[in-house]
Structure formats: structure tokens, C-alpha cells
4 protein chains.
Amino acid sequence: MAVTQTFQRLKPPKREKILATAIHEFARHGFRQASLNRMARMSGIAKGSLFQYFGTKEGLFRFIFDHAVELIRHNLRRVKAETADQDFFERIRSSLLAGVAFIRQHPHIYQIYLKMLFQEDFPFREEFLEKIHLFSAEYLTPLVEKGMAEGDLRPDLDVDLVVFTLDAVMDRFLQAYCVPFLDGNAAVFQAPPQRVEKQVGDLVELLRSGLGARSGGTRLAMNE
Amino acid sequence: MAVTQTFQRLKPPKREKILATAIHEFARHGFRQASLNRMARMSGIAKGSLFQYFGTKEGLFRFIFDHAVELIRHNLRRVKAETADQDFFERIRSSLLAGVAFIRQHPHIYQIYLKMLFQEDFPFREEFLEKIHLFSAEYLTPLVEKGMAEGDLRPDLDVDLVVFTLDAVMDRFLQAYCVPFLDGNAAVFQAPPQRVEKQVGDLVELLRSGLGARSGGTRLAMNE
Amino acid sequence: MAVTQTFQRLKPPKREKILATAIHEFARHGFRQASLNRMARMSGIAKGSLFQYFGTKEGLFRFIFDHAVELIRHNLRRVKAETADQDFFERIRSSLLAGVAFIRQHPHIYQIYLKMLFQEDFPFREEFLEKIHLFSAEYLTPLVEKGMAEGDLRPDLDVDLVVFTLDAVMDRFLQAYCVPFLDGNAAVFQAPPQRVEKQVGDLVELLRSGLGARSGGTRLAMNE
Amino acid sequence: MAVTQTFQRLKPPKREKILATAIHEFARHGFRQASLNRMARMSGIAKGSLFQYFGTKEGLFRFIFDHAVELIRHNLRRVKAETADQDFFERIRSSLLAGVAFIRQHPHIYQIYLKMLFQEDFPFREEFLEKIHLFSAEYLTPLVEKGMAEGDLRPDLDVDLVVFTLDAVMDRFLQAYCVPFLDGNAAVFQAPPQRVEKQVGDLVELLRSGLGARSGGTRLAMNE
DNA sequence: AATGAATGAGAGTTCATTCAT
DNA sequence: GATGAATGAACTCTCATTCAT
């Protein structure tokens with residue numbers, strides 16, 4: 001167990017304060033460079049207590065990590081359920097908007113995610129990489145399969161390749177759209193809402209014209 | 001100048017040894033966590049000498065950085081020139097293969113690149129981000145424009161959106177394909193050559209069917 | 001605050017030991033050349049602890065500095081009060097003797113004072129120089145003014161010039177008398193007490209004969 | 001010998017350059033904190049050469065030191081000779097003005113002098129202190145003795161006490177007047193010439209009224 | 001259970017000095 | 001004789017972790 005009962009039994013405000021401070025610190029500095037000294041100072045908690053609760057720095061990070069995974073998993077499930085009756089490209093649009101909303105709400109967690117992606121000396125990196133494959137494996141794949149079954153997608157496409165491509169494009173869109181709003185210091189994320197609708201819309205239209213069943217830019221052109 | 005003449009005048013084997021050790025160290029640990037102590041120990045020189053050569057840790061990194069930028073820029077130019085007469089999608093295929101080859105040859109540089117992408121406290125990160133926009137701005141954009149002018153691409157596409165999509169897909173392909181071969185410790189990159197050809201081929205075919213002039217749309221139109 | 005509560009809460013013997021060692025070190029070597037390594041070794045504590053207590057080398061020096069300023073200020077006030085009813089030249093004599101006694105009791109602080117006077121790269125040097133002007137401004141000036149008002153001094157004298165001269169002579173006397181007893185290494189200050197009385201006496205008599213009311217100036221004025 | 005013949009045989013411009021740079025460096029940073037690296041860089045001379053010429057850092061300082069002592073001694077002798085026919089207080093005035101002129105011409109040497117006064121870890125400090133007693137012993141004492149013999153000074157004065165007082169006052173005057181003009185960085189010494197005449201004049205008048213033959217002392221003597 | 005003082009290894013950096021060229 | 005590359009000790013400072021209170 002990465003965290004003691006002692007911590008779980010703390011009064012919620014204190015627990016939240018510690019959690020928030022730790023997430024903030026790891027988001028700003030990554031794992032190795034994060035300082036327990038700073039965390040203790042900023043959360044007003046004794047340094048020794050942190051060790052009592054989490055054993056080691058790694059134990060604390062483990063706790064944050066699990067917490068974040070849970071948040072994300074829960075979010076994906078919710079979006080999946082709420083969009084079950086939409087057409088394929090609508091679901092993609094909704095997923096992207098949900099992604100932006102999530103990052104807007106939890107910017108620090110997204111920063112930790114970005115850091116973990118390529119920072120090899122994070123602990124659990126292997127496990128982390130496996131877990132984010134959830135997105136493709138558990139989220140996108142069924143979506144694409146359903147989309148093909150229901151005729152929203154061109155029937156000649158390879159499912160895995162489509163999943164790969166969508167994953168790449170969507171992930172990169174989130175990065176391209178959100179990173180500029182992540183303040184280097186804190187988590188100030190305020191993107192103008194009208195712009196994101198437009199940009200997501202354009203991207204989804206491109207995907208639809210390339211992958212959609214009734215697609216084919218030329219034909220549309222000829223029709224006009 | 002980030003490096004002294006002293007370093008440039010060293011005997012090549014020694015110079016290479018120091019360079020290789022430094023690249024290795026930065027690739028494994030990022031900037032902040034990289035240790036000049038380790039570098040000195042591993043390259044068999046005195047710690048003080050590193051400072052004589054590069055002034056500061058940042059100076060050393062700057063040197064590695066410029067070296068890498070030069071390597072990449074040179075590579076891109078070469079590929080561009082060598083593929084000038086190919087059709088658009090052939091060029092994309094060649095670019096991807098060249099990318100894989102480059103990473104295979106310089107795995108540590110690729111690791112540093114990946115770390116710099118999201119590790120906020122790298123020095124020169126701003127400059128770095130500007131420089132990798134070269135890829136889109138100076139490399140992909142002209143390619144796409146020429147592809148559209150010569151009728152390889154559907155004429156209804158927005159150039160910027162296509163560039164964004166290609167950038168995302170190609171970058172993610174390189175990550176997806178190459179990262180598993182990057183040993184956490186060192187730079188052991190040995191991917192079976194026949195597989196990369198196949199995978200690049202499949203990806204390019206998907207792009208062609210989605211974005212190519214004679215792609216799905218027309219055929220679907222004929223079907224009706 | 002230049003020093004943490006941590007330090008203030010230490011058991012007095014340990015606190016004194018650290019303080020004494022630090023004063024000793026700064027007295028011997030000045031600021032830049034003083035070594036926290038040595039201090040830690042000599043006071044038998046860990047190097048890290050010094051930083052826990054004082055934050056930086058400068059913080060430690062700041063603490064010593066404030067401590068010394070307080071000592072000196074307190075001493076001056078005490079002497080001023082205790083000699084309030086004496087005639088001007090008696091007060092000067094008492095001040096000099098008090099100065100010698102102070103240096104005898106706190107030789108290291110006097111050494112630090114001397115170093116700060118002309119060692120330009122001490123921290124707080126500006127502040128320090130301002131503070132020692134206290135001596136002239138807050139201590140000597142009122143003394144001289146009272147001395148003139150009460151007819152102890154020749155009425156034709158310029159107050160500022162007298163203050164300047166007294167400051168110079170007294171300061172130089174303390175240097176000339178005390179420096180030979182300051183061991184280069186440690187703080188061995190043992191001047192034969194009977195000699196200091198004699199020397200101070202002689203000096204004050206010279207001052208009296210030059211500046212005293214019944215001396216030359218007035219008579220010359222009358223002669224003209 | 002503190003300096004090799006090699007150095008003495010250098011072409012004068014090079015020799016001067018090295019000397020000037022070294023004086024500048026020791027003036028700015030004192031002995032320990034002065035950096036041979038910087039000296040080598042600023043004088044355009046190889047670091048190794050400095051060691052060839054002077055053996056050690058201390059050897060170099062020794063050379064500067066002797067050079068400075070020679071300059072000062074020469075200056076004192078010149079002033080003494082040039083003022084041989086003046087009255088005592090005129091000579092004091094001339095000496096002060098000559099002191100200001102010397103510092104104006106060699107500000108760096110004066111800075112080194114000030115640093116050596118109280119910086120205990122200068123090499124040769126003992127020897128240095130002995131040598132500056134030259135001023136009192138070889139310069140002031142004969143002046144005072146002659147002044148008394150010729151009736152410029154009150155006959156009741158103790159020669160040593162007068163020498164001590166003059167030494168203190170004159171030294172302190174030079175410090176008080178010149179230090180503000182010594183730029184912390186370089187040696188920019190530009191004091192308005194008309195002011196120094198006035199200030200020296202006032203100080204000398206005070207001395208004359210206190211110590212001069214036609215002042216108080218005689219009358220007191222007559223009173224007895 | 002909570003604290004925070006103590007620690008020591010390791011970080012980047014500077015520098016006088018040596019010595020092969 | 002002149003050079004400047006090489007060195008390693010010492011510097012200030014940080015930090016995760018331990019442990020007595």
C-alpha cells in the first residue's frame with residue numbers, strides 16, 4: 001500500500017491541501033526535481049508527516065498517480081456513456097471537447113501526464129504507459145468498431161490504423177490547443193470557449209471527409 | 001559562444017568520448033537531473049575540465065543542442081532534395097523512413113528531443129520549440145503546397161489543417177514506432193527493418209486514401 | 001529574518017558554540033574567505049544544519065552582524081548614561097577605556113569591524129558604514145555640543161571639525177592600542193591594565209590642552 | 001627573489017600591462033579573492049607565464065607590494081625635500097595635499113593599502129605594518145622634532161604623542177576625503193580640487209590652534 | 001501520531017598550480 | 001621561454017530521509 005491509513009483518516013480539508021500541493025509541485029517540477037521541502041512548506045504540513053503518510057517521495061507520487069488515473073478513467077467512462085447514441089464523428093467531437101474541458105479543470109494533472117510521457121526517470125513509467133493505452137484499447141477501439149458497423153466510417157479501413165491515427169491526431173490537438181494556456185508557473189487555463197468549438201469542428205470535418213463513409217472531397221466538388 | 005576553442009582542439013577520440021557521454025547523460029536524465037560528476041567520471045576526465053570546455057552545465061547542453069539541431073536540419077534538407085521528383089505520398093513515405101533511420105542512428109538525440117518537448121525547465125526550450133516548428137513551416141508546408149499544385153492532393157483541403165494533421169500523425173508514428181526500441185538505459189535501437197517498411201506503407205496508404213486526389217470520394221461517387 | 005526559530009531553540013551550549021565558531025571564522029578570514037565547511041567541522045555539527053539555521057552564508061553573517069551591532073549600541077548607550085555628569089574630557093577618557101574594555105571582551109567582533117571597514121565585498125557594507133556613523137552622529141556630536149555649552153571646550157571651535165578629529169584620534173587610538181594584542185589566529189587579548197590607563201590619560205591631556213576652554217584659542221582672540 | 005629575470009627582461013609595455021592588471025585585481029578583490037584567471041585574461045598573458053615570472057600568487061603579490069612601497073617611499077622623500085624650508089604647519093598642509101595627489105594618481109595602490117591594513121590573511125602583513133610605521137618613524141618624527149626645535153610647536157608637548165595624533169588625524173583625513181572617490185569597480189578618482197584646499201586648510205588651522213606655539217600651552221606654562 | 005532538527009551525499013562551480021608541448 | 005590544457009580540492013548550497021522528542 002502506497003499510503004497509510006493515517007493519511008486516509010485525516011480531516012478532508014487537510015487531506016485535500018496536501019494532495020493539491022503535491023499535484024502542483026509534481027506538475028511544476030516533475031518527479032526528481034520536485035521538492036518535499038517545498039511541499040511541506042506550502043501545505044503547512046510537517047515534512048516528517050509526509051513520510052509518515054507516504055513512506056517515500058515515490059510513495060507520495062504513487063498516490064497522486066493513482067488518483068489521477070482514477071479521475072481520467074472516470075471521465076472517459078462518463079463521456080462514453082453520454083455520447084452512446086451519437087454518430088461516430090459526433091462522438092469524436094464530443095471527446096475532444098471533453099478532453100479540453102478536463103484539462104481546463106485539472107491542468108496540473110495534464111502537466112504531470114505530459115512530463116511522464118517522455119521523462120524516463122519517473123517511477124511507474126512503464127505502468128503509466130500501459131495505462132494510457134487504455135485510451136486506444138478501451139476507448140477508441142470500440143468506438144471505431146461501432147462506427148464501422150453502423151456505416152459511419154468507410155468500410156475499407158483497418159481498425160487499428162484508424163485508431164492509431166485518431167489517437168495521434170486527437171492527442172496532438174489537445175497538446176497544440178492546451179499547452180499554450182498552461183502557465184509555466186501555475187495552472188491558469190482560460191481558453192476562449194468560442195474558439196475551441198470552431199477549431200474542433202474544423203478538425204472533425206477533415207476527419208469526416210477523409211474517413212467518413214460518404215466522403216470524397218472531389219465528388220462533393222463535382223456536385224456543386 | 002557556448003564552447004571554448006580548447007574543446008574544439010582536443011584530439012577527436014577524446015572529444016567524441018566527451019560528447020557521447022554528455023549526450024548519453026542528458027538523454028537519460030534530462031537537463032536538471034543530469035550530473036556533471038557522472039559525466040566526468042564516465043568520460044574519464046576531470047570535472048574541472050568540463051567547465052574549462054563549456055563554462056557551465058548550460059553551456060555544455062547548449063553545445064549538444066546546437067549540434068543536434070544542425071544534424072536534424074541537415075538531414076531534413078537532404079531528404080527534401082533527394083525526394084524532389086517523387087509524388088506527394090511517396091515523399092511522406094520517404095520522410096517517415098528517413099525519420100526512423102535518423103532515430104536509429106541518433107537515438108540519444110531523439111530522447112533529448114522527446115524530453116525537451118514537455119520538460120519545462122530545459123534551457124532554450126522556447127528556442128527549441130521555435131526550431132521544431134521548422135518541420136511544419138519549412139518542411140511540410142511547401143511539400144503540401146506542391147502536392148496540391150500538382151494534383152496529388154484533394155483540392156478542397158485547407159493547407160494548414162493538412163499540415164497539422166500530417167505533423168501529428170508522422171510525429172506520433174515515430175514515437176509509437178521508435179520509443180519501444182529506446183532502452184531506458186542506453187541507446188540500443190534495433191528494429192526489424194522489414195516491419196518498418198510495412199507499417200510505414202500501411203500508414204501512407206491510409207493517408208492517400210483519405211487525402212489523395214483520386215481517393216475514396218471519387219470511387220464512392222462512381223459507385224452510386 | 002536572517003535566522004530560523006530552529007536555531008533560536010537550540011540548547012544554549014550548542015547555540016553558543018556555533019555562534020562563537022562563526023564569529024571566530026569571520027574574524028579570521030573575513031566574509032568571502034570564511035568557510036562554512038570549517039565552521040561545521042569546528043562546531044561539531046553537520047554542514048547541512050548551518051544552512052537549516054541560517055539559510056545562506058550571508059544569512060549567518062547577517063545574524064552575527066546584527067548581534068554585534070546590538071552589543072555595540074547597547075554598550076555606547078550604557079557608557080553615555082554612566083558618564084552623564086562628568087566633564088567633557090572625563091567622558092572622552094571614559095569612552096576610550098570603555099572601548100578598550102569592549103574590545104578586550106569581544107576581540108573577534110572588533111576584528112570583524114576592522115575587516116568590514118575596508119573590505120569592499122562584505123555584505124551589508126553600506127548599512128554597516130551607516131551604522132558606524134552612529135558613533136559620530138549620535139554619540140560624539142551631542143557630547144561635543146554639551147561640552148561647548150557647559151564651557152568645557154573652547155567656544156571658537158567648529159563642532160563638526162572637533163567631532164571629526166575626536167573620531168579619528170579615538171578610533172586610531174583603539175586600533176593602535178588593541179590590534180597588537182589581537183592574535184592573528186585566535187582572540188588572545190591581554191593588555192597590561194596599568195598601561196592603558198596611562199596611555200589614555202596622556203592622550204586625553206593632549207586633547208584637553210589643545211581643545212579645552214582654558215587653552216589657547218580664546219586668549220589669542222583676546223590678544224587681537 | 002620574488003620575481004624572475006625573465007619578467008624583468010620583458011618589453012616594458014608588456015611588463016607594465018601585467019603590473020597594471022595585477023594591481024587592479026588586487027585592489028578590487030584583495031589577495032585571496034583575486035583571481036589569476038582573471039588577470040591572465042585581462043592582461044592577455046598566459047596563465048602559465050604568470051607562474052613562470054612570479055612562481056606563485058604570493059610571489060606576484062610580493063612584487064606588487066615592493067613596487068608600491070618603493071613608490072610611496074620615493075614620494076615621501078620628495079615631499080620632505082621640497083618642503084624643507086616651510087614652517088611646521090605648512091609642511092603638514094603640504095603633506096596632506098601630496099597624499100591626496102598620490103591617491104589620485106595611484107588609487108589602486110591606496111586601495112591595496114587599505115585592504116592590507118585590516119585584512120589579516122594578506123601575506124607579509126607583519127612586514128607591511130612595520131613599513132607603514134615608516135611614516136611615523138621616518139617622516140613625522142623628524143618633522144615634529146624640527147618643528148619643536150624651531151618654535152613652531154608648543155614646547156610642552158610630548159613628541160611621540162604629537163606624532164601619534166598627527167598620524168591618526170592625517171590618515172583619517174585621507175580616508176574620509178578619498179574613499180568616497182574610489183569607485184568600487186575601477187579607479188576613478190576625481191575630486192574637485194578647490195574643495196580639498198579648503199578642507200585641508202581648515203584641518204591644519206585646527207591643528208595649529210591646538211598645537212601651535214602661540215596657542216594655549218604657553219600661557220598655561222606661564223600660569224604655573 | 002505528529003513533529004522538525006539533524007544529517008551527509010551530491011550538486012554546480014572556481015581556482016591556484018602543474019606540466020607537456 | 002611561452003603556453004594553456006588538465007587537475008582536484010574546496011567552495012556554497014539542496015534535499016530525501018531518519019529519528020528523538
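Just so it is clear: chains get the letters A, B, ... in the order the sequence lines come, proteins before strands, and each one is counted from 1.
As rounded to whole Å, 15 Å separates atom C1' of E:dA5 from atom CZ of C:R15. One atom, CD1 of A:I45, and another, C1' of E:dA2, lie 9 Å apart when rounded to the nearest Å. Going from atom CG of C:L50 over to atom C1' of E:dA9 covers 16 Å, rounded to whole Å. Protein atom CG of A:L60 is 15 Å distant from nucleotide atom C1' of F:dC15, rounded to whole Å. At whole-Å resolution of the value, CD in B:Q5 and C1' in F:dT3 are 14 Å apart. Atom CZ of B:F61 and atom P of E:dA11 are 18 Å apart (whole Å). Residue B:F54 contributes atom CZ, which lies 11 Å from atom P of F:dA6 at whole-angstrom precision.
A cation-pi geometry, defined here as NZ or CZ lying under 6.0 Å from the six-membered ring centre and within 45° of its normal, does not hold between B:K115 and B:F31. For the pair B:R62 and B:F124, the distance from NZ or CZ to the six-membered ring centre is under 6.0 Å and the angle to the ring normal is within 45 degrees.
Distance CZ/A:F65 to NZ/A:K131: 5.0 Å, rounded to 0.5 Å. Taking CZ of D:R38 as the reference point, atom CD of D:E25 lies at 4.0 Å (rounded to 0.5 Å).
Base-pair partner of F:dA2: E:dT21 (Watson-Crick or G-U wobble, both distances under 3.5 Å). Applying the Watson-Crick and G-U wobble criteria (two distances, each under 3.5 Å), E:dC15 pairs with F:dG8.
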- Task: Could you encode protein contacts along nucleotides 13-21 of chain E as a string, one character per nucleotide from 5' to 3', using B for base contact, S for sugar-phosphate-only contact and - for no contact, with a heavy-atom cut-off of under 4.0 Å?
- Result: BBBBBB---
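Among the protein residues, B:K11 comes within range of no part of the nucleic acid, since none of its heavy atoms lies under 4.0 Å from any strand.
Projected onto DNA chain F by closest heavy-atom contact, B:K14 and D:A46 fall at different nucleotides, the more 5' of which corresponds to D:A46.
Close to F:dA2, at under 4.0 Å from its OP1 or OP2, lies a side-chain N or O of D:Y53.
Using a 3.5 Å distance cut-off with no hydrogens or angles, the side chains of D:Q111 and D:H108 do pair a donor with an acceptor.
Classified by interplanar angle (parallel below 30°, tilted 30° to 60°, perpendicular above 60°), the ring pair D:F63/D:F54 is tilted.
Here the side chains of C:K11 and C:R15 are not in contact, with every heavy-atom distance at 4.5 Å or above.
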